[in-house]
Amino acid sequence: MPEHERPDPAGRLSIGRTGVAILAGWLLPGLGHALLHRIRRGVLFGAVVFACFGLGVAYDGRLALRDPGQPILSTLQLGANLGVGPADVLARWAAYGRPAYALSGVPGHPGSEELRKSFRNRARTGASNYGTAYLWTAGLMNLLLLLDVWDIARRGKA
Amino acid sequence: MRSHLGHLLSYATLVAVFFSVLVRRDRREQWRLFAWLWLAMVGGALGLAYLMFPFPR
């Protein structure tokens, strides 16, 4: 067995295995915990994140688009959305017809105007603010879960 | 669901479940933290709303 594959006496995983668990947790919320033998916790976390995400999509939460006019704020919002993993791509497909992540900086750009219109139409519905809070919370929860996976894998956290 | 209260209750429940399981390992401690978080979010929001009630829009 290569040295980097050998189990650590303190029960810590190698960097490679930790990376795989973190990637799995991003691809499917809760899977990172399940791979580290925390199956019940993984299932519960996955259910909570997907419930939050589902409510966000159902209530027309704003799927952030990077806007050159507000680069910092829109990038942070996009980061919160992306935290939930590939489910975000599917939601963008349903909302915008394609996995769109940014508006063009060129004024009057046809693709960007269409996106802006879809974005504003979603924001106009009465429950959109609630939906946005659910979406951001789902993404941020999953980012916290990835940190927890790191903690469990590298520090041997119980 | 168009009820503000309904959203408050569902959001508080999801967030309280998440954090209680994330930061506590013992089942009893998890329930205790869940109750604290849920009551803080729901009670805090209702308390703030009550305090704002006398003020006009």
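The figures here come from the full heavy-atom set of this structure, side chains too, leaving out hydrogens, waters and symmetry mates.
The contact between B:Val17 and chain A is made entirely by side chain atoms (from C-beta outward), counting heavy-atom distances below 4.5 Å.
Heavy atoms of other residues, nucleotides or ligands lying less than 6.0 angstrom from CD1 of A:Ile72 number 12 at most.
Atom-to-atom distance recorded for A:Tyr130:OH and B:Ser10:OG is 10.0 Å, nearest 0.5 angstrom.
Both A:Tyr59 and A:Val84 are assigned to one and the same hydrophobic cluster, defined by single-linkage of ILVMFWY side chains at heavy-atom distances under 4.5 Å. Under the 4.5 Å side-chain heavy-atom criterion for ILVMFWY residues, no single connected hydrophobic cluster contains both A:Leu90 and A:Leu63. Criterion: ILVMFWY side-chain heavy atoms under 4.5 Å apart, direct or through other members. Under it, A:Leu82 and A:Leu135 are not part of a common hydrophobic cluster. Grouping the Ile, Leu, Val, Met, Phe, Trp and Tyr side chains by contacts below 4.5 angstrom, directly or via other members, places B:Trp31 with B:Val15. Residues B:Leu9 and B:Leu39 share a single hydrophobic cluster, defined by chaining ILVMFWY side chains whose heavy atoms lie under 4.5 Å apart.
Among all heavy-atom pairs drawn from A:Val48 and B:Phe18, the shortest one is CG1-CB, 4.0 Å. Minimum heavy-atom separation, A:Arg41 to B:Val21: NH1-O, 2.9 Å. The two residues A:Ala51 and B:Leu14 come nearest to each other via the heavy atoms CB-CD2, 3.9 Å.
Ring-plane geometry between A:Tyr134 and B:His7 is classed as tilted, the angle between the planes lying from 30 to 60 degrees on a 0 to 90 degree scale.
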Exercise. Between B:Leu22 and A:Met141, is a side chain to side chain contact (heavy atoms under 4.5 Å, CB included) present by the stated rule, with each step listed?
Worked result: CA-CA 10 Å; B:Leu22 184 69; A:Met141 277 178 179; over 6 Å; no

